[in-house]
Amino acid sequence: MSRTIALTGATGFIGSTLTRRLAISGWNIRALVRPTSTRSHLDGIPVQWLKGDLDDLDSLRRFVRNADVVLHCAGTVRGVSAKQFNQVNVEGVARLVHAIAELHDLPRFLLISSLAAREPQVSPYAASKRRAEEVLAAAPVDMLWTAFRPPAVYGPRDRELLPLFQWIGRGIAPVLGSVDARFSLLYVEDLAEAALLWLQRGCRKASVFELHDGQPNGYSWQEVIDVAACLYGRRVFRLKVPEPMLKVLADLNVLVARAMGSKPMLTPGKVREIRHPNWVCSNDVLNRAIGWSPKVCLKDGLRMTLKMFCAN
């Protein structure tokens, strides 16, 4: 009997990895896709593409119909105001829940959230991810749901870390966070493996799980730079960017983005996320629930990632 998974964000960095792994595992994939989305990198993978958007309830009704699982990977990481983030990250989840609530047989729901949701006061993005989880928790239906809170996820096709690795390859490493800050990381294939195990083993109650690559107490900026520099095989000069300068750059970036009508990545909220002293998480609860543990260490994950970056 075929199993149908309704997947949002299938063409994105994390979503495309999930799409490939789900196809290999034999899932019947139905992917919600905007008409403007590029999906050539998924050519040859059996996917039922359904044109629609998270703000279109009718397309969401078609999207979730007869699905065994809804895997919500879509979201926005760029913006300035709470409204910009909430339109996608919160209201999109609310509409999906609305569409699911109309069904007779309710699918399970897996939300790819963010570790930022642990600290909603830090930025509008973080607040939107926490609110999305709260929407699920308040769903007026008997729906089995889970939220994964990964830290920074990296791997091939990730463009957010590309500038940092390019600078390290040139011999300069911008240090944006504080010296004593610690943070966890996760290779994208390990995140996909966790999702597959959740699909196979499931959870009997609503749950929120943190997950990371298994490194106790996470990493410092220095440690990550050292690993990348070793892989490049060169000396790297560490350039510490003071917080006041980072804030000025963020303010200027917002002004430029507004003038150009675009959504910026570096914003005052993003600076607060970068400067937060503790983004370390634990795998213990998820491991007990489904038996997942990460397989890819930072050195191996960066080696696979840098192959793609260096090719460009």
Side-chain angles (χ1 to χ4, degrees), residues 13-14 77-80 85 113-130 149-155 158-188 190-191 210-232 234-254 257 264-283 294 296-299 301-302 305-306 309:
F13 162 51
I14 293 174
V77 296
R78 292 176 177 268
V80 179
F85 288 108
S113 182
S114 168
L115 187 60
R118 192 174 72 188
E119 306 288 348
Q121 77 286 351
V122 169
S123 67
Y125 168 75
S128 73
K129 302 305 280 188
R130 171 63 75 85
R149 287 181 177 176
V153 180
Y154 69 99
D158 171 30
R159 296 291 174 180
E160 304 306 333
L161 290 176
L162 177 58
L164 173 62
F165 290 130
Q166 286 177 327
W167 278 108
I168 294 176
R170 298 182 185 111
I172 300 174
V175 180
L176 306 179
S178 59
V179 174
D180 58 350
R182 307 293 299 183
F183 51 89
S184 294
L185 294 169
L186 183 63
Y187 188 64
V188 66
D190 273 338
L191 175 56
E210 297 180 357
L211 63 167
H212 68 109
D213 69 358
Q215 175 69 14
N217 198 33
Y219 303 93
S220 67
W221 283 83
Q222 180 73 30
E223 290 165 345
V224 174
I225 292 168
D226 285 345
V227 173
C230 180
L231 291 172
Y232 274 116
R234 65 171 303 160
R235 289 185 176 182
V236 174
F237 172 73
R238 278 81 173 165
L239 178 63
K240 182 172 175 55
V241 182
E243 185 175 4
M245 179 180 295
L246 201 56
K247 289 180 177 179
V248 170
L249 291 173
D251 289 339
L252 290 174
N253 196 43
V254 169
M265 173 57 78
L266 183 62
T267 64
K270 184 59 65 176
V271 170
R272 292 192 295 274
E273 291 175 31
I274 292 171
R275 301 289 302 183
H276 192 274
N278 181 13
W279 289 121
V280 176
C281 51
S282 170
N283 292 325
V296 182
C297 68
L298 178 62
K299 185 176 181 179
L302 280 184
T305 301
L306 291 178
F309 286 157

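Please read all numbers here as calculations on a predicted model, not as lab measurements.
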* To do: Measure from the side-chain N and O atoms of W279 to the backbone N and O of E273, and report whether any donor-acceptor pair falls under 3.5 Å.
  => yes
* Which heavy atom of P294 sits nearest a heavy atom of D190, and at what distance? -> CB-OD2, 3.6 Å
* To do: Enter the distance from E210:CD to R149:CZ here, rounded to the nearest 0.5 Å.
  => 6.5 Å
* To do: List the atom of A228, the atom of L306, and the distance in Å for their closest heavy-atom pair.
  => O-CD1, 4.5 Å
* Taking side chain as C-beta onward, heavy atoms only, is V80 less than 4.5 Å from P264? -> yes
* Okay, side chain of Y232, backbone of G171: is any donor-acceptor separation there less than 3.5 Å? -> no
* Asked: Do any pairs count as a salt bridge (Lys or Arg N to Asp or Glu O under 4.0 Å) and have a residue in residues 169-182, sequence neighbours left out, and if so which ones?
  -> R182-E223
* Nearest 0.5 Å, what's the OG-CD1 distance between S123 and I274? -> 10.5 Å
* Asked: Would you say L231 and F165 make side-chain contact, with heavy atoms under 4.5 Å?
  -> no
* Structure fact -> d(R234 CZ, I168 CD1) to nearest 0.5 Å is 11.0 Å
* Do the ring planes of Y219 and F183 sit parallel (below 30°), tilted (30 to 60°) or perpendicular (above 60°)? -> tilted
* Asked: Would you call I225 and R238 a side-chain contact if the rule is heavy atoms closer than 4.5 Å?
  -> yes
* Asked: Which distance, rounded to the nearest 0.5 Å, do you find between the NE2 of H212 and the CG of L186?
  -> 9.0 Å
* Using modelled atom types only, decide if a donor and an acceptor are shared between the side chain of R272 and the backbone of V122 within a distance under 3.5 Å. => yes
* Structure fact -> What one should report as the nearest heavy-atom pair of V280 and S184 is CA-OG, 3.4 Å
* Asked: Which heavy atom in N283 sits nearest to a heavy atom in L211, and how many Å separate them?
  -> OD1-CA, 3.0 Å
* Verify the neighbour count for atom NZ of K240: are there more than 12 heavy atoms of other residues, nucleotides or ligands below 6.0 Å? => yes
* Taking side chain as C-beta onward, heavy atoms only, is V224 less than 4.5 Å from L185? -> yes
* Structure fact -> Separation between CG (N253) and NZ (K270), nearest 0.5 Å, reads 12.0 Å
* Side chain proximity check, V236 to W167, heavy atoms < 4.5 angstrom -> no
* Measure the shortest side-chain to side-chain distance between I14 and V153 over non-hydrogen atoms and say whether it is less than 4.5 angstrom. => yes
* Asked: Is there a donor-acceptor contact under 3.5 Å from the side chain of R275 to the main chain of L176?
  -> yes
* Structure fact -> On a heavy-atom basis, the closest approach of L266 and V254 is O-CG2, 4.3 Å
* Structure fact -> Here the pair of heavy atoms bringing Y125 nearest to A116 is CE2-CB, 3.9 Å
* Nearest-0.5 Å distance that lies between atom CG in L161 and atom CZ in F13 -> 8.0 Å
